Each structure stands twice: as C-alpha cells, then as structure tokens.
Amino acid sequence: MASISIALSKGRIYDETAPLLARVGIRPRENPEHSRKLVIGTQRRDMRLIVVRASDTPTYVQHGGADLGIAGRDVLAEHGGEGLYQPVDLGIARCRMMVAVRKGFDYQGAVRRGARLRVATKYVNTTREHFAAKGVHVDLIRLYGSMELAPLTGLADAIVDLVSTGRTLRANGLAAVEEIMAVSARLIVNQAALKTKRAQLQPLIEAFARAAVR
Ligand code: ADP
Ligand code: MG
C-alpha cells in the first residue's frame, strides 16, 4: 500500500485538528506540539503527519511533499491554490481577515479622498488584490509578525491581519474597519496524488468531510 502523508502546522491549526484526526480515526504516535520530530507516524502503517510552518502547507502539498494538508483560507488565498484541490472546509480555526487602523484614523474618509495608503501585512498578494478591486492605491509593507505595531509606530496607516475576538487590536488601540474574507481551515489535496492514490485518499477525504465542524 502506498504511503500517505498529511501536512499540518503546530499551534492553532494542530490544536483544532487534533479532535478531527481523532474523529477520522487517525492516532499520531507523538504529539506534534511536544515532539521535536517533523515526521510523525500514526497507528496506521500507511499514514504519517508532516509538521510544517502554517504558510508552507500549500507549498508542500502542491509539490507533492505531502499528499494532503490542512491550511487556513488566509494562507491558501495568499499561495494562490495552484495544483491543489480544496475538497473540504473543515470549519475549524475560524476568524476573519480584516483591515485595521489606529482608533481615530478616518479610513473611510481616506478611501473617499483617494489617499494613498501604506498597508503592512504578511498577506501581500491578498491585500494587493483587495485594494486593487476597490480602486485604492496602496504601498504594501511586508511584515512577518506583530502587524499591530505598524500603525502605532508610524510604519503604516493600516494593517491587514486575522482577527477573532478583536482583543489584540483593542489592546493596541486599533480597530477593524473592513472585512476581506471569512477564514477557516480547509483540507487540501495534491491533484496528482488524488489520481494515483485515489483508493486510499477518497475514503479519507470523505471521513474528513463527515468530521468537519459545521
Ligand atoms: P503563524 O504564527 O505561523 O502564522 P498561527 O498558528 O498564528 O501560525 O496561524 C496559523 C493559522 O491559524 C492561520 O493561517 C489561520 O488560518 C489560523 N489562525 C490564525 N490566527 C487565528 C485566530 N485568531 N483565530 C482563528 N484562527 C486563526
Ligand atoms: Mg500567529
């Protein structure tokens, strides 16, 4: 039997994926959160987990480094989704991708005036497309973390980041002003693997669909 691998990331994705794996009947031999191993076996001899950085998950699956993966819609939008099937919205790791500014910054006014906005984000492709569709000119500033700092330090007028409760924004004097997309994690599949390993992958995809959170 061919071996099947599932790419996923530690942190929020694994926290919320662990119960899904249990419902699908996959038992990891070690907890990826605590293990230093990046390839983790399961009780199924034909199946292993590959532990990757969240933003690398689509790349691993696209190029066949893993057959399946679990990735947020944020990361998939930024990657572009090339070479991937996205058959199941797992309904986990829900949040929203939002535009946020300093409290008191007149975002709608700046947009109406046709002002050029400096926007800091790690989602540069998604952000570029969002503002292009609105006809707003932006200078993008690529950051890798702690986006909230950018408006506070004068680095940017606005940020594009994920928001769930809004507590981090509020704690830093920021406010969300526009939603770009609702985010949840998806099961993704390498398109070639779906053809060559269909007999193994199809039942697994169906099991994930049944285990998804509605
Ligand atoms: P990293 O710090 O490497 O970006 P995270 O664990 O913060 O990794 O995020 C991984 C994924 O979890 C994101 O791509 C997104 O899909 C989801 N996520 C991130 N933040 C939140 C949040 N506040 N609420 C729900 N899901 C989130
Ligand atoms: Mg994070």
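First listed ligand is number 1; within each ligand, the first listed atom is number 1. Residue numbers start at 1 and run along the sequence shown. Predicted model, so just to flag it, every value in this text is computed and none were measured.
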Query raised in the report: Do any nitrogen or oxygen atoms of K122 lie less than 3.5 angstrom from nitrogen or oxygen atoms of ligand 1?
Result: yes
Query raised in the report: Just going by heavy-atom distances, which of A185, G166, G145, C95 is nearest to atom 24 (N) of ligand 1?
Result: C95
Report summary line: Near R53 (heavy-atom distance under 4.0 Å), the atoms of ligand 1 are 3 (O)
Requested in this report: Give the atoms of ligand 1, by number and element, whose distance to some non-hydrogen atom of A54 is under 4.0 Å.
Outcome: 10 (C)
**Report entry** Option of least heavy-atom distance to atom 14 (O) of ligand 1 (set: L8, D161, D74)
**Finding:** D74
Query - Euclidean distance, Q202 CD relative to E206 CD, rounded to 0.5 Å - result: 5.0 Å
**Report entry** Intermediate values then yes/no, side chain to side chain contact (heavy atoms under 4.5 Å, CB included), V61 and D67
**Finding:** CA-CA 6 Å; V61 177; D67 301 304; over 6 Å; no
**Report entry** Ligand-residue contact atoms, ligand 1 with V75, heavy atoms, under 4.0 Å
**Finding:** 14 (O)
Query - Proximal ligand 1 atoms for I13, defined as those under 4.0 Å from one of its heavy atoms - result: 11 (C), 12 (O)
**Report entry** G72: numbered ligand 1 atoms lying under 4.0 Å from its heavy atoms
**Finding:** 16 (O)
Report task. May I ask you to decide whether E78 forms a salt bridge with K122, counting only side-chain N to carboxylate O separations under 4.0 Å? Result -> no
Report summary line: Check: of R186, E78, R12, R167, min heavy-atom distance to atom 22 (C) of ligand 1 comes from R12
Query raised in the report: With no hydrogens and no angle check, do the side chains of D46 and Q200 hold a donor and an acceptor under 3.5 Å apart?
Result: yes
Report summary line: Under 4.0 Å from one or more heavy atoms of A93, ligand 1 contributes atoms 25 (C), 26 (N)
Requested in this report: Run the numbers on Y14 and E33 for side chain to side chain donor-acceptor pair (under 3.5 Å), then give the verdict.
Outcome: CA-CA 8 Å; Y14 189 75; E33 295 292 352; over 6 Å; no
Query raised in the report: Can we say D89 and R186 salt-bridge, meaning some charged N sits less than 4.0 Å from an Asp/Glu carboxylate O?
Result: yes
Query raised in the report: Quick one: which ligand 1 atoms are inside 4.0 Å of a heavy atom on R94?
Result: 24 (N), 25 (C)
Query raised in the report: L162 heavy atoms, cut-off 4.0 Å: which ligand 1 atoms fall inside?
Result: 13 (C), 15 (C), 18 (N), 19 (C), 20 (N)
Query raised in the report: Could an N or O of ligand 1 be found under 3.5 Å from any N or O of Y123, whether backbone or side chain?
Result: no
Query raised in the report: What part of R73 sits under 4.0 Å from ligand 1 if we count only heavy atoms: the side chain, the backbone, both or neither?
Result: neither
Requested in this report: Tell me, please, whether Y144 has R142 positioned over its six-membered ring: NZ or CZ under 6.0 Å from the ring centre and within 45 degrees of its axis?
Outcome: yes
**Report entry** R23 atom CZ, over 12 foreign heavy atoms within 6.0 Å
**Finding:** yes
Report task. Could you grab the distance from atom CD1 of I159 to atom CG of L149, nearest 0.5 Å is fine? Result -> 9.5 Å
